[in-house]
Number of protein chains: 2
Amino acid sequence: METKTNITINDVARIAGVSKRTISRVINGSPMVGQATRERVEQIIKEVKFQPDKQARGLASNRSYLLGLIYDNPDALYIDQVQRGALDICSSLGFELVVHPCQWQSDDFIEDCLNFASRSRVDGIIVIPPVSESDKLAEAFKSIKLPCIRIASTDLGDPDNIVISDDRGAMTDIAEHLIELGHTDIAMITGPMAFHSSKERFEGFKDALRVNGLDLPENRIQFGENTYETGIECARALLTQTPRPTAIFANNDEMAAGAVRVSSDLGIKIPNDLSIAGFDDNIIASRIIPSLTTIKRPVQKIARLATQKLIQSISPDQGAEHEKIVVKPYLITRESTKQCPN
Amino acid sequence: METKTNITINDVARIAGVSKRTISRVINGSPMVGQATRERVEQIIKEVKFQPDKQARGLASNRSYLLGLIYDNPDALYIDQVQRGALDICSSLGFELVVHPCQWQSDDFIEDCLNFASRSRVDGIIVIPPVSESDKLAEAFKSIKLPCIRIASTDLGDPDNIVISDDRGAMTDIAEHLIELGHTDIAMITGPMAFHSSKERFEGFKDALRVNGLDLPENRIQFGENTYETGIECARALLTQTPRPTAIFANNDEMAAGAVRVSSDLGIKIPNDLSIAGFDDNIIASRIIPSLTTIKRPVQKIARLATQKLIQSISPDQGAEHEKIVVKPYLITRESTKQCPN
DNA sequence: TTGTAAGCGTTATCAA
DNA sequence: TTGATAACGCTTACAA
């Protein structure tokens, strides 16, 4: 290694002609510093480009200034947006983001995450769907007193450490959109019912239809697994019925893309013969033909809020805010939905 | 915060009845330890689940055990795969991965990256395309002696710190694939010529055609920007010519998707009337209709190799390997390419 | 409001 | 082959 020419707190103290304790106070925004002193020190810090060493800081204060992001999501775009959102806040508050992809279905998943946490010494954890739905994981972190915030689509019985995307509310929008287009025979391809998000969307959709005097009969419901392949299977089951529905809402864009594929195979024209809508607005939604009407969650914004709340709960001075944060997704109308042909 | 009940090196030393210096030696695999002592210490470490504190270790040894990943890539899937590949190695070697998205076109890009490096105190940096093409950034890291490995598609005049995806070689495969299908009038939509990767693919493709006795005339070349939108523009320019080419190779899948879109708009049937191929195998390649023939880079493998090489160059004991690593992408044949109609 | 001194958990120096 | 002891750069009692 090379000679470290880095400026330390001692250098700053020497230059400023005060003790390093005072510099430390300035760095940490303590009020116990004279106005004049503070300004002088801040000036010097800027001039010499002093950056406190995170390692030393962490060692002394038992904090790492590291935040962990745990995920296991097939939708890379979603993760990317979460990362960017989280980093917006992190970097402005002096934290770094350490990523940890995992396999939340595997046996040692909890252990693996705990191990990650202790290895990396992160000060807090952000968990995104679907991993965020694991109550076990949340409890595991709670038991070792590691602050953890979950991004989810319902409060999961733990409203404190959560940022919620109001998927259910968005269901109203998509249902009304289809109804306004004149559709009355609407089908749904659900996600795995083990997921709260899927259940929320399913029930939200059903409710929205009912409010508008429409039914979602059994033969118009297909249970998918959020994959392209199951989207294909479910859509086939739906579209080979007689009569067939005039609109399909799929729990995510992957399955909606599967439905588009099946329609193409069966010679069903979209959107003329059939309207299809998805959820996520992932990259394929705007790339397939026809482009997909879908629901977009403001993921980056959600991530920002979550990170903010997490750092707040870490910071010793601030009392943790116990208010539930809810963000509402919104409808994006594209080519795949159109006036009902009848 | 809570009482730290963590095991420290002192505890281990006390239990083993040796000095902590000895424990340190064992941890770091120093040969200066007696066989018996080593085994006993290792046994105890396992029993009490001692994990050396990265912060303290870093503070003392001037290392952070953190690796930085710098990127600015529209393809989230690519980033995801890089992350997973890098983490495969990181976690097995006791490193963590800190991510830093950036905007490599912006003015303060270099400064921003340097700032990230000094803030986070990472021990090394992984840079992926297109950021990796910035020689300035590579030099900046070199000048502060921060090990940095670049993932790229040609050696960029810096064969030491690089892992190369042999895009040019892959061009031969795709060209030959089209030629075998009987195509003789083949067009190309290039990427931005400012990118080495685009130039490599462009020239690789041209060369491969030439070797097979085919030409790539000016009117069969369109210069795109790797975006869906420019893909559309370029494809339109190509497909409104008379006669039109029977096959198009696009520099990436996004633009190939644009070409598919234009074909659909113009009533040109793919693959019957026209074959289209892309590069990347990103998610849309398998989702659009028809699915795209494309080139896949083994991104995760490349990331693993890069991370390995980086950590090697960081580790003090090991001499840095000065061998160029090259990985070859491969062809994936899907629906969008077919026998030439003529 | 400011300073002194004692750590935080590890590695590095140098002697035994 | 081992072990005391001093760093590493910062925070945190405790004084002043």
Side-chain angles (χ1 to χ4, degrees), chain A residues 1-41 45 48-65 94 118-121 123 314-317, chain B residues 1-41 45 48-66 94 118-121 123 315-317:
Chain A
M1 280 292 147
E2 213 47 30
T3 318
K4 269 268 220 182
T5 58
N6 277 333
I7 307 275
T8 77
I9 199 175
N10 294 303
D11 301 325
V12 180
R14 192 165 23 76
I15 297 171
V18 298
S19 82
K20 68 193 208 181
R21 176 67 247 238
T22 300
I23 309 297
S24 173
R25 287 203 177 89
V26 172
I27 294 171
N28 294 287
S30 156
M32 308 276 124
V33 186
Q35 187 59 25
T37 319
R38 151 162 293 125
E39 277 168 11
R40 192 156 44 86
V41 170
I45 287 180
V48 301
K49 290 183 184 161
F50 166 64
Q51 281 184 317
D53 183 318
K54 277 203 180 82
Q55 319 229 26
R57 217 136 100 99
L59 184 57
S61 64
N62 197 19
R63 299 178 47 182
S64 65
Y65 297 90
S118 81
R119 261 198 346 252
S120 62
R121 298 291 212 270
D123 290 336
I314 290 169
S315 306
D317 37 321
Chain B
M1 279 293 145
E2 212 47 31
T3 317
K4 270 269 221 179
T5 58
N6 277 334
I7 306 274
T8 76
I9 199 174
N10 294 302
D11 301 325
V12 181
R14 192 166 24 75
I15 297 171
V18 296
S19 84
K20 65 195 208 180
R21 180 65 251 236
T22 300
I23 309 298
S24 174
R25 287 202 178 90
V26 172
I27 294 171
N28 293 287
S30 156
M32 307 277 123
V33 187
Q35 187 60 23
T37 320
R38 149 161 296 123
E39 276 168 13
R40 190 156 46 85
V41 169
I45 287 181
V48 300
K49 290 184 186 162
F50 166 63
Q51 281 185 317
D53 184 318
K54 277 204 183 78
Q55 319 229 25
R57 218 134 101 98
L59 184 56
S61 65
N62 197 20
R63 299 179 45 179
S64 65
Y65 296 90
L66 258 32
S118 80
R119 260 197 347 253
S120 63
R121 298 290 212 271
D123 290 336
S315 306
D317 37 320

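Every chain is numbered from 1 and lettered A, B, ... according to where its sequence line falls, protein lines coming before strand lines.
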Should A/Arg57 and A/Asn28 be marked as a side-chain contact (heavy atoms from CB on, under 4.5 Å) after you check the CA-CA gap, both sets of side-chain angles, and the distance that decides it?
-> CA-CA 11 Å; A/Arg57 217 136 100 99; A/Asn28 294 287; 3.0 Å; yes
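For the pair B/Ile45 CD1 and C/dG9 P, the computed distance is 16 Å after rounding to whole Å. Nucleotide C/dT11 holds its P atom 13 Å from the NZ atom of B/Lys54, rounded to whole Å. In this entry the distance linking CD1 of B/Ile9 with P of C/dC8 reads 14 Å, nearest Å. Between the CZ atom of B/Arg119 and the C1' atom of D/dC10 there is a distance of 19 Å, rounded to whole Å. Computed from coordinates, the A/Gln55 CD to D/dT11 P distance equals 14 Å when rounded to whole Å. Atom CG in B/Asp53 sits about 6 Å away from atom C1' in C/dG9, given to the nearest Å. Separating the CZ atom of A/Arg63 from the C1' atom of D/dT11 is a distance of 11 Å, rounded to the nearest angstrom. Atom-to-atom, OH of B/Tyr65 to C1' of C/dG9 comes out at 13 Å; the value is rounded to the nearest Å.
The side-chain contact (heavy atoms from CB on, under 4.5 Å) check on A/Gln51 picks up B/Asn115, B/Ser118, B/Arg119, with sequence neighbours excluded. Evaluation of the side-chain contact (heavy atoms from CB on, under 4.5 Å) rule for B/Ser64 yields A/Gln55, B/Leu66, B/Arg121, B/Asp123 as partners, not counting sequence neighbours. Under the rule for a side-chain contact (heavy atoms from CB on, under 4.5 Å), the partners of B/Ala56 that lie at least two apart in sequence or sit in another chain are A/Leu59, B/Asp53.
Fit an axis to the five pairs at each end of the helix from C/dT1-D/dA16 to C/dA16-D/dT1 and the two axes sit 30° apart, to the nearest 10 degrees.
In plain terms, the two heavy atoms of A/Ile27 and A/Pro52 that are nearest each other are CG2-CG, 4.0 Å. A pairwise comparison of heavy atoms in B/Ile7 and B/Phe50 identifies O-CD1, 3.5 Å as the closest pair.
For C/dT2, the OP1/OP2 oxygens have no side-chain nitrogen or oxygen of A/Thr22 closer than 4.0 Å. Phosphate contact (OP1/OP2 of C/dT10, side-chain N/O of B/Ser24, threshold under 4.0 Å): absent. Side-chain nitrogen and oxygen atoms of A/Arg57 include at least one within less than 4.0 Å of the OP1 or OP2 phosphate oxygen of D/dT11.
Residues in residues 15-32 of chain B take part in no salt bridge (Lys or Arg N to Asp or Glu O under 4.0 Å) pair, two or more places apart or across chains.
Here A/Phe50 lies in heavy-atom contact (under 4.0 Å) with sugar-phosphate atoms only.
Near DNA chain C, meaning a heavy atom under 4.0 Å away, the residues from residues 10-19 of chain A are A/Val18, A/Ser19. Within residues 27-41 of chain A, the residues approaching DNA chain D are A/Asn28, by heavy-atom distance under 4.0 Å.
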Table of protein N/O atoms under 3.5 Å from nucleotides 6-8 of chain D N/O atoms:
unit_1 : atom_1 : unit_2  : atom_2 : d
D/dC8  : O2     : B/Ala60 : N      : 3.3

Tabulate protein N/O versus nucleotide N/O from nucleotides 14-16 of chain D, keeping only pairs under 3.5 Å, one per line.
none

Pairs of donor and acceptor atoms involving the side chains of residues 10-17 of chain A, under 3.5 Å and at least two apart or interchain, shall be tabulated with distances.
unit_1  : atom_1 : unit_2  : atom_2 : d
A/Asp11 : OD1    : A/Arg14 : NH2    : 2.8
A/Asp11 : OD2    : A/Thr8  : N      : 2.8

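A/Arg38 places no side-chain N or O within 3.5 Å of a backbone atom of A/Pro31 that could act as its donor or acceptor partner.
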